[in-house]
Undergrad: 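This is the structure I want to talk about, given as structure tokens.
Every chain is numbered from 1, with letters handed out A, B, ... down the list of sequences. On a predicted model such as this, the values are computed, not experimentally measured, just so you know.
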There are 2 protein chains.
Amino acid sequence: MPLSPASVAEQEYLKQIYLLHEDEGRATTQMLADRLGVKPPSVTAMIKRLAEDEDGPLVRHMPYHGVDLTERGVAVALEMLRHHRLIELFLSELLGVPWDRVHEEADRLEHVLSEDLEERIATKLGNPTVDPHGDPIPSREGVIMPREMVRLTELPVGATGVISRIDQQEGPVLQYLASLGLILEETVTVQSIAPFGGVVTVRVGMGGPDSVHALGGDLAKHILIALACDEAEGSRR
Amino acid sequence: MPLSPASVAEQEYLKQIYLLHEDEGRATTQMLADRLGVKPPSVTAMIKRLAEDEDGPLVRHMPYHGVDLTERGVAVALEMLRHHRLIELFLSELLGVPWDRVHEEADRLEHVLSEDLEERIATKLGNPTVDPHGDPIPSREGVIMPREMVRLTELPVGATGVISRIDQQEGPVLQYLASLGLILEETVTVQSIAPFGGVVTVRVGMGGPDSVHALGGDLAKHILIALACDEAEGSRR
DNA sequence: TCCTGAATTTAGACTCATCTAAATATAAGG
DNA sequence: CCTTATATTTAGATGAGTCTAAATTCAGGA
Ligand SMILES: [Mn+2]
Ligand SMILES: [Mn+2]
Ligand SMILES: [Mn+2]
Ligand SMILES: [Mn+2]
């Protein structure tokens, strides 16, 4: 992904537009303002600049109805995501930075990573496809390896699975999850789910009764599970 | 060195003012413009901003006679230099980036390195005091370990010494020197020096006649030598 | 179909860092 | 001591990215 004649601010907007489409299905002015920590008029102004970039539009603006990325915009967003996630893994594996702190570091480093360094890091890590949170790392060509996963809140009671992705970047939240043993690759079994997006009770690993924890629905929905192979998906057989 | 509420541009100016004082004895508007790749009026404008920083001046401006750093300015410059040189060594040792390319990478990374990462890198490298070019790495507290060295051009004919620092960052120059075997820790013996800053002929290592090379004075003066211990300094005994 | 509240955009201003062109200071030589 | 080349500073403009306040649009409910 050698391109990206975009400023840091532009890269940041494009990345957040991509991520909003991924987790909310759309990107509005307000949502972008919240995620970027700026006011709505700043977002509108930047969207206009991105829409009339001199080497072709990076976004399509539907006034009053949000914004989405052009092919060029997606390419820039995926490059930033690749940088971000490679850096997260690198910091975690090679410098022992804890998983709840790699995100903020990567957010600053991703914009100044050269293609050469990107390549060296990828090679050193063995061309990984997932970062320390289970987020997929796009390939050099911008391809994301698809993986089958369901949210913890969508699992049937009694089902067992492996935690494969935490869809949440905030340090304190990640720290809390880790304190309960809810980390990547850990096996969990659903004990109960309160209806209407309520509390999920899970057993962690193969442990006894003190490895059972109750999680609020808002938290649990950010935990993604790869079903155990010989488990029917979503049905209770 | 936790401080540095300075923008990237401010950090870059402060660093170059520091380096100019180190290698030229002073920093003028023109010299700064050259090193920073901007026009002289931009330098004047920035110097004024640095001189009246809201938390105290970072530089002293003597109009028409250059600029120097205040204590606060020195602290910021040394922090950048520490970041820069730690990053150079890190990239060189842990990612195998060749010594002629670490400088440009570090120039971008130094401004986004957190104190936490700085500390982890320093620890991983064993709290080093010199970078891959032999440039000293300031301590956390901003102290530079002094080392006795002379320029290759100042060595008497027949003297032997160890290359301890290359006072030059440009990639192609470093590549050329490396191609002659003129790298850090290598031993060299002066065969002859043409007068008036002329050509220096050196024998590299313990090699035979084909390890003898002639260097222009402009190049040779950037090669710093630590005298072999039992060699009288500067005298021919 | 109209009203209203929330989201969005427009208008206008500001800071930072840069530029070009013009004015001015310095230092060196006659 | 005066002249002049060069370095430096001033003046004024520009672009990126942000802000506040005001105007506009949209969508849902009466
Ligand atoms: Mn890249
Ligand atoms: Mn991640
Ligand atoms: Mn530091
Ligand atoms: Mn160096």
Side-chain angles (χ1 to χ4, degrees), chain A residues 4-17 20-21 24-68 73 76-77 80 107-108 110-112, chain B residues 4-17 20-21 24-68 73 76-77 80 107-108 110-112:
Chain A
S4 98
S7 69
V8 170
E10 285 175 327
Q11 291 172 355
E12 207 57 40
Y13 276 81
L14 294 170
K15 189 181 71 174
Q16 291 306 334
I17 293 168
L20 276 170
H21 273 278
E24 313 278 348
R26 68 213 184 94
T28 68
T29 303
Q30 188 65 62
M31 295 191 289
L32 281 166
D34 289 345
R35 290 222 184 180
L36 293 162
V38 299
K39 302 293 178 182
S42 306
V43 174
T44 304
M46 178 59 93
I47 286 175
K48 285 184 162 182
R49 258 174 274 141
L50 293 171
E52 39 211 47
D53 188 276
E54 53 181 5
D55 333 303
L58 292 157
V59 302
R60 271 179 297 270
H61 188 197
M62 289 82 74
Y64 295 98
H65 293 86
V67 62
D68 64 9
V76 175
M80 281 313 108
D107 253 349
R108 282 173 291 110
E110 64 188 6
H111 305 289
V112 297
Chain B
S4 98
S7 69
V8 171
E10 285 176 328
Q11 292 173 355
E12 207 56 40
Y13 276 81
L14 293 169
K15 188 180 72 173
Q16 290 306 333
I17 293 168
L20 276 170
H21 274 277
E24 312 279 348
R26 68 214 183 91
T28 68
T29 303
Q30 188 64 62
M31 294 191 290
L32 282 165
D34 290 345
R35 289 222 185 179
L36 293 162
V38 299
K39 301 294 178 182
S42 307
V43 174
T44 304
M46 178 60 93
I47 287 176
K48 286 184 162 181
R49 258 175 274 142
L50 293 171
E52 37 212 49
D53 186 275
E54 53 180 8
D55 334 300
L58 291 157
V59 303
R60 271 178 298 269
H61 189 196
M62 288 83 73
Y64 294 99
H65 293 87
V67 63
D68 64 10
V76 175
M80 281 313 107
D107 254 349
R108 283 173 291 108
E110 63 189 7
H111 304 290
V112 297

Undergrad: Sequence neighbours excluded and cut-off under 3.5 Å, please list the side-chain donor-acceptor pairs for residues 46-59 of chain A, or say none.
TA:
residue	atom	partner	partner atom	Å
A:Asp53	OD1	A:Asp55	N	2.9

Undergrad: Go through A:Tyr13 and A:Val67 one step at a time and tell me if the side-chain contact (heavy atoms from CB on, under 4.5 Å) criterion holds.
TA: CA-CA 11 Å; A:Tyr13 276 81; A:Val67 62; over 6 Å; no
Undergrad: Nearest 0.5 angstrom please: B:Thr44 OG1 to B:Leu32 CG, how far?
TA: 9.5 Å
Undergrad: Has A:Arg60 got more than 12 heavy atoms of other residues, nucleotides or ligands less than 6.0 Å from its CZ?
TA: yes
Undergrad: Within the structure provided, determine whether A:Val43 and A:Gln30 are in side-chain contact (heavy-atom separation under 4.5 Å).
TA: no
Undergrad: Just to confirm, is there a sub-4.0 Å distance from OP1 or OP2 of D:dA7 to any side-chain nitrogen or oxygen of B:Thr28?
TA: no
Undergrad: Remember a base hit wins even if backbone is also touched, and classify A:Thr44 as base, sugar-phosphate or nothing at under 4.0 Å, heavy atoms.
TA: base
Undergrad: What is the distance, to the nearest angstrom, from the CD atom on B:Gln30 to the P atom on D:dA5?
TA: 18 Å
Undergrad: If I take atom CD1 from residue A:Ile17 and atom CG from residue A:Leu36, how far apart are they, to the nearest 0.5 angstrom?
TA: 8.5 Å
Undergrad: Working to the nearest 0.5 Å, report the span between CG of A:Leu20 and CZ of A:Arg35.
TA: 4.0 Å
Undergrad: In whole angstroms, how far is the P atom of D:dT8 from the CD1 atom of B:Ile47?
TA: 9 Å
Undergrad: Strictly under 4.0 angstrom, non-hydrogen atoms only: write out the protein contact profile of nucleotides 13-18 of chain D, one letter per nucleotide from the 5' end, B, S or -.
TA: ---SBB
Undergrad: Expressed in angstrom and rounded to an integer, what is the separation of B:Met31 atom CE from D:dT6 atom P?
TA: 18 Å
Undergrad: What is the distance, to the nearest angstrom, from the OH atom on A:Tyr64 to the P atom on D:dC26?
TA: 7 Å
Undergrad: Chain B on DNA chain C: first and last contacting nucleotide, 5' to 3', under 4.0 Å to a heavy atom?
TA: C:dC16 to C:dA27
Undergrad: As a test of understanding, state which of A:His111, A:Glu110, A:Gln16 forms a side chain to side chain donor-acceptor pair (under 3.5 Å) with A:Gln11.
TA: A:His111
